[in-house]
Amino acid sequence: MAAEKATYVAESKGEIVGTFFLKANQPDRGSHVVNAGYMVSPNARGKGIGQKMAEYSFEEAKRLGFKAMQFNFVVKSNSAAISLWSKLGFEIVGEVPEAFIHPELGLINVLVMYRKL
């Protein structure tokens, strides 16, 4: 949590099951594009919490005045995230070689993903 971020939590039956933040991807002339980060509790995975948070975050980002969303660092081996983001309208617009050190796979690429809001 920081002053430049809007932070949210997802709750189910009185328990926090996820969180996400929204912030400008870049200052000044890039500030109309939002960046976000999401986390789902291990106990709540596979229940659609991530998708619900993402869908809510799109509406919230629009309410805050953002025009598009960009993820700068989606690990290429994270097929669940790539599948979800693709399903929700994101396109892969770039790939950075060997930008992530995976504990089992070693150096792997990361993707830049983007969608208009």
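Values reported hereafter were calculated over all heavy atoms of this structure, with side chains retained and with hydrogens, waters and symmetry mates removed. Predicted model only: the values in this text are computed from it and were never measured.
- Within the 3.5 Å criterion, the main-chain N or O of Glu98 finds a donor-acceptor partner in the side chain of Asn109.
- Under the 4.5 Å side-chain contact rule for hydrophobic residues, Phe21 and Met69 do not share a cluster.
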Worksheet item: Which is it for Tyr114 and Trp85 under the ring-ring contact (aromatic ring centres under 6.0 Å, His included) test, yes or no, and what are the steps along the way?
Response: CA-CA 9 Å; Tyr114 174 89; Trp85 301 136; over 10 Å; no

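- Put simply, Val96 and Phe73 are part of the same group of oily side chains (I, L, V, M, F, W, Y) that touch within less than 4.5 Å, one to the next.
- At a threshold of 4.5 Å between non-hydrogen side-chain atoms, the residues Lys67 and Leu117 do not count as touching.
- Under the 4.5 Å side-chain criterion, counting only non-hydrogen atoms from C-beta, Leu22 is in contact with Tyr8.
- Residues Val75 and Ile108 have side chains in contact (heavy-atom distance under 4.5 Å, counting atoms from C-beta outward).
- Of all the heavy atoms in Ile16 and Ser41, the pair that sits closest is O-CB, 4.5 Å.
- You'll find the side chain of Ser57 reaches within 4.5 Å of the side chain of Tyr38, heavy atoms only.
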Worksheet entry | From CA spacing to verdict: salt bridge (charged side-chain N to carboxylate O under 4.0 Å, His left out), Lys52, Glu55 | CA-CA 5 Å; Lys52 287 179 183 176; Glu55 290 168 345; over 6 Å; no

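- No continuous path of hydrophobic side-chain contacts links Phe20 to Met39 [ILVMFWY only; heavy atoms under 4.5 Å].
- Taking a 6.0 Å sphere around CG of Leu107, one finds it holds more than 12 heavy atoms contributed by other residues, nucleotides or ligands.
- The heavy-atom pair separating Lys23 from Phe66 by the smallest distance is C-CZ, 4.2 Å.
- Geometrically, Arg63 does not engage Phe58 in a cation-pi contact defined by less than 6.0 Å to the ring centre and at most 45° from the axis.
- Looking at heavy atoms from C-beta onward, Val74 lies in side-chain contact with Ile82 at the 4.5 angstrom threshold.
- Within the 4.5 Å cutoff, no side-chain heavy atoms of Gln26 are placed close to those of Val33.
- A 6.0 Å sphere centred on CG of Leu105 holds more than 12 heavy atoms belonging to other residues, nucleotides or ligands.
- Residues Gln51 and Lys87 approach most closely at OE1-NZ, 3.1 Å, considering heavy atoms.
- Within the 4.5 Å cutoff, the side chain of Ser86 has no heavy atoms near those of the Glu91 side chain.
- Counting heavy atoms from C-beta on, the side chains of Glu95 and Lys76 come closer than 4.5 Å.
- Leu64 and Phe71 end up in the same hydrophobic cluster when Ile, Leu, Val, Met, Phe, Trp and Tyr side chains are linked at under 4.5 Å.
- Between Val40 and Arg45, the shortest heavy-atom contact is O-NH2, 3.3 Å.
- By the criterion of side-chain heavy atoms lying less than 4.5 angstrom apart, applied directly or through intervening Ile, Leu, Val, Met, Phe, Trp or Tyr residues, Tyr56 is grouped together with Val34 in one hydrophobic cluster.
- Using a 3.5 Å distance cut-off with no hydrogens or angles, the side chains of Gln70 and Asn72 do pair a donor with an acceptor.
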